[in-house]
Amino acid sequence: MKLLVILPFLCALGAPIFAADWQKSLTPKPGKFPALRPLSAHYQFGWSGIKAAEAEAKFSISKGRNQLDLTASTKGVARTMWKMDSIATSTCNSQTLRPIALKQVETYSRKTMTTTVAFKPDGPEWMKVANPPDKNPPKQKRLKITNVYDQQGALLFLRSQPLNNGDVVRMCVFPGGSPYLAEVRVEGREKVKISGREWDAIRFSLKLREVLRDLTLGEHKKFKKASAWLSDDRDRLLLKIEAEVFVGSVWAELDRVEFAVAK
């Protein structure tokens, strides 16, 4: 379980298909729903029946760029089994929602891993650097897919769409490691209780396929199924995710949110 990777789009699909087929199926452009307001939000994460981690997210807008700053760490019993602290910063274009850059630092009990990604017109370039260093020196890698989003851009792209019941949004998401095709279906509207408050919410089913090296699609063996909820209001906040993965049931839930005061 990586804290910054379990938030989006978590379920598995079937056999490989040709690259041209799935790339043509991607949702082509952002919708016209109003942009997200700057905010700070706190999330709780769980594994089976226990609280396992927490994350603080700060979203801001400046000079035509969206920026998301995240800090996350395991907590409680989970931390005794798996110590991890993470800091990440993502920037994307405010109009196109295309990612610009991503940097993530993950600190474990015996190692720190730093991932940097530059999103270029012909696809992302990235490098992972370990400290202490691995046996093999780090290498710059490239992915030749142009219509790709990081996780911040993917969530903003999703909330920008009309999101009528039955709508399907397809995106290629690159979180800084293995890319995947995310298919998000609007299943309906319902009320959910989060942090002692009842919210009007949009419920989604989430599917994921791994993008292989030859740009065909394969089954993602670590994920089984998932659902997610956005608030059905002007903000369309990520309220909750529930997923069945190879280690069991995991979840993420909004704990509190505070919007920035307009200047």
Side-chain angles (χ1 to χ4, degrees), residues 2 4-31 33 36 65-66 68 70 88 90-104 115-128 140-163 167-186 204-228 230 236 238 241 243 245:
K2 284 192 176 183
L4 302 181
V5 177
I6 67 173
L7 284 179
F9 327 122
L10 300 171
C11 121
L13 289 174
I17 61 175
F18 291 111
D21 295 331
W22 71 264
Q23 291 192 59
K24 289 178 181 177
S25 77
L26 297 175
T27 304
K29 60 183 180 180
F33 195 82
L36 183 64
R65 292 188 174 190
N66 297 340
L68 181 65
L70 281 168
S90 161
T91 54
C92 70
N93 184 289
S94 298
Q95 297 299 317
T96 66
L97 306 182
R98 293 288 188 184
I100 298 169
L102 170 66
K103 182 176 181 179
Q104 180 171 300
T115 303
T116 54
V117 187
F119 291 89
K120 299 192 173 182
D122 59 346
E125 294 183 355
W126 75 98
M127 181 179 288
K128 291 180 178 286
Q140 188 91 354
K141 298 182 180 180
R142 298 188 66 184
L143 178 67
K144 291 186 178 180
I145 300 178
T146 57
N147 192 4
V148 63
Y149 295 88
D150 71 349
Q151 292 186 353
Q152 177 195 192
L155 181 58
L156 295 175
F157 185 88
L158 174 64
R159 67 174 297 284
S160 78
Q161 302 297 321
L163 301 184
D167 284 357
V168 175
V169 180
R170 294 184 180 89
M171 300 168 285
C172 181
V173 184
F174 183 76
S178 299
Y180 53 83
L181 172 65
E183 180 180 285
V184 188
R185 181 180 296 273
V186 182
F204 304 88
S205 61
L206 313 173
K207 296 182 179 180
L208 175 143
R209 287 179 180 171
E210 184 180 1
V211 179
L212 304 176
R213 288 186 178 183
D214 62 358
L215 300 187
T216 59
L217 301 181
E219 180 182 357
H220 202 307
K221 298 177 182 178
K222 293 184 178 181
F223 298 101
K224 298 178 182 179
K225 61 179 181 178
S227 297
L230 294 184
R236 287 184 171 174
L238 178 63
I241 285 180
V245 298

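None of the values given here were measured: they were computed from a predicted structure. The basis for the numbers below is simple: all heavy atoms, side chains too, and nothing from hydrogens, waters or symmetry mates.
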With heavy-atom distances below 4.5 Å as the criterion, would you say the side chains of L156 and C92 are in contact? yes

Would you say L68 and Q151 make side-chain contact, with heavy atoms under 4.5 Å? no

Run the ring-ring contact (aromatic ring centres under 6.0 Å, His included) test against F119 and tell me which residues pass, sequence neighbours left out. none

Main-chain N/O of S205 paired to S227 side chain as donor or acceptor, under 3.5 Å: no

Can any side-chain N or O of Q161 pair as donor or acceptor with the backbone N or O of K29 at less than 3.5 Å? yes

If the condition is side-chain hydrogen bond (donor to acceptor under 3.5 Å, both in side chains), which residues does K120 pass it with, not counting sequence neighbours? E125

Would you kindly say whether T115 and K128 are connected by a side-chain donor-acceptor distance under 3.5 Å? yes

Partners passing side-chain hydrogen bond (donor to acceptor under 3.5 Å, both in side chains) against D167 (at least two apart in sequence or in another chain): none

Euclidean distance, N93 CG relative to R98 CZ, rounded to 0.5 Å: 10.0 Å

If we only count heavy atoms from C-beta on, is the L97 to N66 side-chain gap below 4.5 Å? yes

Worked verdict on L70 versus Q104 for side chain to side chain contact (heavy atoms under 4.5 Å, CB included): CA-CA 9 Å; L70 281 168; Q104 180 171 300; over 6 Å; no

To the nearest 0.5 Å, what is the distance between CG (L212) and CG (L217)? 7.0 Å

State, with a plain yes or no, whether a side-chain heavy atom of V117 is found less than 4.5 Å away from one of D150. no

Distance col, row R159:CZ vs L230:CG, nearest 0.5 angstrom, shows 8.5 Å

Give me the atom names and distance for the closest heavy-atom approach of V148 to F174. CG2-CB, 3.7 Å

Once salt bridge (Lys or Arg N to Asp or Glu O under 4.0 Å) is applied, what residue pairs with a partner in residues 169-178 remain, sequence neighbours excluded? R170-E183

Pair R236-L158, side chain to side chain contact (heavy atoms under 4.5 Å, CB included): steps then yes or no: CA-CA 10 Å; R236 287 184 171 174; L158 174 64; over 6 Å; no

Residues passing the ring-ring contact (aromatic ring centres under 6.0 Å, His included) test with F204, sequence neighbours excluded, are none

Spatial distance of atom CD (E219) from atom CG (L208) [nearest 0.5 Å]: 11.0 Å

Tell me the closest heavy-atom pair linking C172 and I145, and the distance in Å. SG-CD1, 4.1 Å

Interatomic distance, OG@S178 vs CZ@R213, rounded to 0.5 Å, equals 9.0 Å

Please name all residues satisfying side-chain hydrogen bond (donor to acceptor under 3.5 Å, both in side chains) with T91, sequence neighbours left out, ordered by chain then number. none

Heavy-atom closest pair (Y149 atom, A154 atom, distance to 0.1 Å) is CB-N, 3.8 Å

Nearest 0.5 Å, what's the CG-CD distance between N147 and Q23? 8.0 Å

Is the shortest side-chain heavy-atom distance between M171 and V184 below 4.5 Å? yes

Using side-chain heavy atoms (C-beta onward) and a distance below 4.5 Å, is V211 in contact with W22? yes

Heavy-atom distance under 4.5 Å between the side chains of F157 and T27, does that happen here? yes

